[in-house]
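These notes are about the structure you will find just below.
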Amino acid sequence: MNDQSKFIAGLLLGAAAGAALGYFLTTDKGKEIVDEIKSAAANAGEDVKEKVKQFESEIETAVEKGKKWANDFGKETDTSTTT
């Protein structure tokens, strides 16, 4: 098969696949699948937002603990150098 024949075969195969997909998506089952995909994507987006909020909260807690530790360490260092 030469390059031109491969190109034409690929073009015809792509057109057939596109037509089949287009037909399928216009059926009731196809619309149902598209709705399920949209719903799953929306749920995944909500899950990601929730995880990001949780991560932000954990980071804020860790930063506050770090600040407290550094402050306490500084106080301990100050008292040990003055005695």
Side-chain angles (χ1 to χ4, degrees):
M1 215 180 226
N2 64 20
D3 289 341
Q4 187 176 12
S5 299
K6 289 179 184 179
F7 175 76
I8 292 172
L11 186 66
L12 292 174
L13 184 61
L21 184 61
Y23 173 75
F24 176 72
L25 291 177
T26 60
T27 65
D28 289 338
K29 184 66 176 174
K31 290 177 184 175
E32 182 181 323
I33 289 173
V34 168
D35 288 341
E36 289 175 6
I37 291 170
K38 286 179 182 178
S39 177
N43 290 341
E46 290 300 318
D47 289 346
V48 168
K49 286 179 186 176
E50 184 179 318
K51 293 293 182 186
V52 166
K53 285 181 183 178
Q54 181 182 0
F55 180 71
E56 287 174 345
S57 176
E58 290 174 3
I59 290 295
E60 287 175 9
T61 301
V63 167
E64 289 303 317
K65 286 181 179 178
K67 286 179 181 178
K68 183 179 181 323
W69 179 86
N71 190 25
D72 291 347
F73 183 76
K75 287 179 182 176
E76 287 179 20
T77 306
D78 288 343
T79 58
S80 65
T81 57
T82 57
T83 53

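These figures come from a predicted structure and were not determined experimentally. Here, residue 1 is the first one in the sequence, and each next residue gets the next number.
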dist E58:CD -> E60:CD (nearest 0.5 Å) comes out at 11.0 Å

Just to verify, what does K6 make a salt bridge (Lys or Arg N to Asp or Glu O under 4.0 Å) with, not counting sequence neighbours?
none

Same cluster (ILVMFWY, side-chain, under 4.5 Å), L21 and L12:
no

Go through the structure and list residues passing side chain to side chain donor-acceptor pair (under 3.5 Å) with D35, not counting sequence neighbours.
none

From CG (N2) to CD1 (I8), nearest 0.5 Å
8.5 Å

Using 4.0 Å as the upper bound for N to carboxylate O, is an ion pair formed by K51 and D47?
no

Do the non-hydrogen side-chain atoms of E46 and K49 ever get within less than 4.5 Å of each other?
yes

Under 6.0 Å from the CZ atom of F24, do we count more than 12 heavy atoms belonging to anything else shown?
yes

Within a reach of under 6.0 Å around CG of N43, are more than 12 heavy atoms found that belong to other residues, nucleotides or ligands?
yes

Would you check if V34 and K38 make a side-chain contact, meaning some heavy-atom pair closer than 4.5 Å?
yes

Hey, what do you get for CZ (F55) to CD1 (I59), rounding to the nearest 0.5 Å?
3.5 Å

Sequence neighbours excluded, the answer for side chain to side chain donor-acceptor pair (under 3.5 Å) partners of E32 is none

